[in-house]
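Everything on this sheet refers to the single structure shown next.
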Amino acid sequence: MQKAQLQLSQVGISFPTAKGDFVALQNVNLDIAQGEFVSLIGHSGCGKSTVLNIVAGLLQASTGGVILNNKEVNEPGPERAVVFQNHSLLPWLTVYQNVELAVKQVFRGKKSKSEMRDWILHNLALVQMTHALDKRPSEISGGMKQRVGIARALAMQPQVLLMDEPFGALDALTRAHLQDSVMDIQAKLNNTVIMITHDVDEAVLLSDRIVMMTNGPAATIGEILHIDLPRPRERLALSDDARYNHYRHQVLSFLYEKQRKIEPLHTQTKAAKPAIVTVEAKSA
Amino acid sequence: MQIFLPARWVKTQSHKLNWAKHPQTQLRLQQLLLPLVGLTLFFLLWHAVASQIVTTLGSFPGPVAVAEQFSNLLDEHQAEQQREAAFYQRQQARLEQLRLTDPNSEAQIRPYSGRPTFFSQIATSLLTVLCGFALATLLAIPAGVVIGLSPKLYAVFNPLIQLFKPISPLAWLPLITILVSALYPQTEGGLSRSFLVSAFTVALCSLWPTLINTIVGVSQISPDLENVSKVLRLRWVSHIKTIVLPSAIPMIFTGMRLSLGIAWMVLIAAEMLAQNPGLGKFVWDEFQNGSSQSLSRICAAVLVIGVIGFVLDRLMLLLQRYVNWDKNAVLR
Ligand SMILES: Nc1ncnc2c1ncn2[C@@H]1O[C@H](COP(=O)(O)OP(=O)(O)OP(=O)(O)O)[C@@H](O)[C@H]1O
Ligand SMILES: [Mg+2]
């Protein structure tokens, strides 16, 4: 493996709460090479977003730290661009202006006006959104918003691209389409990517490595799975691929056997006793 | 329409509704007609009730008497304007004659000092309310942004805001009058003291809704957008300009509309109490005057005050629609 571009060493964080400190993460160690695509997977509430936010600099680790290109990360910055779960476009700016805001901020003094314009259009073309330049976020679909969010992040020319469940809120078709775009773009640009996902297929399809997290509190990395599938990857061809299904099975067994999460679900029906539901792996 | 209407009126309107089969035209017609129905009912009721009430100044004026009085007021205003024009013409003529005999004459045109008419009082009131409101807005929005962005500053200023907000304009008025006369030497020219007193009172009373709404709007920025700003490392000024102000604009404008409404109400009260020129003084003078015409003149003034308040609110609404980025928002 190449020398790590991004290093998380002994990262831990605790949040002050009314009942004392809540240790969310402990001893998270991870080295990521330049150009690598890493997925974080784990049960809800285990601390995936927290890890991502620490890398982004939006949260400060209580112990340990993050090193990017031999420099410690202490604050947010555009070299670690974030694609937020709910797109987070500025609703009062058009598609073009949203990307422009990022480009102006990052390339002020480095690119001329026309170069900036070309760069904005180039990034919007990568996600196939040049047809809606002058639309406001409220006028485009959820999938389009997510694509603009990705274009905005890519336009910052980040060293690391951080994505928090980027396709979580989308329907299966749009999601598949965007996954393909992300794979294409990553192949072209060779970005380092950390992506949080709940979707096992998505993780296996996109990743070089899948980082599986244990349940909180004091969550940490449980297992790391290397995905040795050749690129470019084809979702249809892979669905019958033995290795693909083997990887898939490993992730599922981690999530639903080793880290099985049993918790009462308070169902909407006003049942007197809370139903206990165990989450089981879907039988293939 | 399920509203009782005079039969003839319904007849004349019904054929209009017939040709207006197009649902959109019909809707628009309804939007126009229904408010008219309300107004008509009001005037009918007023007319019916007014004649029953007998006051010390004769019977209470109905809509017709008030309309007549309104045209009287208009005539008086025109007469006054003619007198003013004539006054200046006379002076100009005299001055020119003086200059012919003595080119170095120091003589100057003296300003006309006639009695302010109803319409010049309206102009005074409008100018005062706009200045007071502008002052309030200029103070409230920047202060609101700064306070709203910092929970600590909010904790510092919140008790003060809660303390000052409910103070009636009538309580401020004596203080402001005394302060203005102490701090502002009345010289020839410049702003008059009474104008300053009115404008400051208006500003002080109307600034609170804008201030509070700005604070709330600014402190409710979505954390996601704040994170975007952090990741982009936006500087303070561009953070305010691109993130804070746009997301707070709907709240700010709601506050400004409330403020303008309060400003107009406060101004009339302040003018009445302080005898500062304006519509409030007009009403008070007529009340003191107590002639047979006074009541209908007061009624005319009251209606005009209402209409102006309404128009000011509509103008703010237009401005709000224009400035608001969310064109789908339903603003009323
Ligand atoms: N600011 C905070 N204060 C207190 N507790 C927090 C805070 N942020 C997160 N936590 C806790 O830390 C844990 C991890 O949260 P996190 O948002 O990282 O989970 P997640 O893995 O991203 O979950 P999901 O998949 O549902 O998004 C949770 O138990 C959460 O309650
Ligand atoms: Mg999360």
Side-chain angles (χ1 to χ4, degrees), chain A residues 49 52-60 73-94 97-108 134-139 145-146 148-149 152-166 169, chain B residues 141 144-145 148-152 155 213-214 216-257 316-332:
Chain A
S49 298
L52 201 82
N53 285 337
I54 291 173
V55 175
L58 294 168
L59 284 176
Q60 278 290 327
V73 165
N74 283 320
E75 53 167 2
E79 75 282 356
R80 282 159 285 126
V82 184
V83 177
F84 295 91
Q85 181 163 6
N86 54 352
H87 67 78
S88 296
L89 299 178
L90 310 196
W92 43 89
L93 297 185
T94 63
Q97 289 168 332
N98 263 290
V99 181
E100 185 185 35
L101 179 68
V103 169
K104 272 194 173 157
Q105 195 62 20
V106 175
F107 296 102
R108 178 180 295 132
D134 295 323
K135 291 229 163 92
R136 296 257 165 92
S138 58
E139 298 165 322
K145 280 182 234 183
Q146 213 45 272
V148 178
R152 175 175 67 183
L154 290 173
M156 299 179 208
Q157 224 165 41
Q159 294 169 11
V160 182
L161 185 61
L162 305 170
M163 305 202 278
D164 192 346
E165 292 180 49
Chain B
I141 293 181
V145 168
L149 283 178
S150 151
K152 283 188 190 139
N213 276 35
T214 307
V216 172
V218 163
S219 56
Q220 280 177 346
I221 297 172
S222 119
D224 289 324
L225 295 189
E226 298 217 29
N227 282 343
V228 169
S229 168
K230 282 184 196 156
V231 168
L232 285 176
R233 288 211 187 115
L234 290 184
R235 266 168 275 168
W236 195 77
V237 176
S238 39
H239 174 67
I240 301 285
K241 227 174 58 188
T242 48
I243 312 265
V244 175
L245 283 181
S247 63
I249 272 235
M251 283 297 276
I252 292 178
F253 264 86
T254 311
M256 280 170 71
R257 267 177 79 194
M316 273 308 285
L317 185 66
L318 283 183
L319 188 65
Q320 183 174 15
R321 288 222 175 101
Y322 176 74
V323 174
N324 205 351
W325 44 268
D326 188 1
K327 300 293 177 203
N328 297 323
V330 182
L331 302 172
R332 355 174 124 232

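Proteins get letters first, then strands, A, B, ... in listed order; numbering begins at 1 in each. FYI, side chains are in, hydrogens and waters are out, and symmetry mates aren't considered; it's all heavy atoms of this structure.
- K230(B) has no carboxylate O lying under 4.0 Å from a charged side-chain N of E75(A), or vice versa, which leaves the two without a salt bridge.
- Side-chain atoms of W92(A) come within 3.5 Å of backbone N or O of T242(B) as a donor-acceptor pair.
- Contacts between E79(A) and chain B at a heavy-atom distance below 4.5 Å involve the side chain alone, from C-beta outward.
- Proximity to chain B (any heavy atom under 4.5 Å) is restricted, for R136(A), to the side chain, taken from C-beta onward.
- Nearest heavy atom pair, residue L225(B) against residue P91(A), reads CD1-CD, 4.2 Å.
- Looking at S222(B), there are no atoms closer than 4.5 Å to chain A (heavy atoms on both sides), in backbone or side chain.
- Looking at every heavy atom in both residues, L232(B) comes nearest to Q105(A) through O-CG, 2.9 Å.
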Please determine whether side-chain contact (heavy atoms from CB on, under 4.5 Å) holds for the pair D224(B) and H87(A), giving the CA-CA distance in whole Å, both sets of side-chain angles, and the decisive distance to 0.1 Å. CA-CA 9 Å; D224(B) 289 324; H87(A) 67 78; over 6 Å; no
Problem - Verdict with supporting geometry, R233(B) and V106(A), side-chain contact (heavy atoms from CB on, under 4.5 Å) - result: CA-CA 9 Å; R233(B) 288 211 187 115; V106(A) 175; over 6 Å; no
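- Heavy atoms of A102(A) lying under 4.5 Å from chain B belong to its backbone as well as its side chain.
- For L89(A), the part lying under 4.5 angstrom from a heavy atom of chain B is the backbone only.
- Rounding to the nearest 0.5 angstrom, the gap separating the CG atom in L90(A) from the OG atom in S247(B) is 9.0 Å.
- Interface remark: N53(A) contributes no atoms to any contact with chain B (heavy atom separation under 4.5 Å).
- Heavy atoms of L234(B) lying under 4.5 Å from chain A belong to its backbone as well as its side chain.
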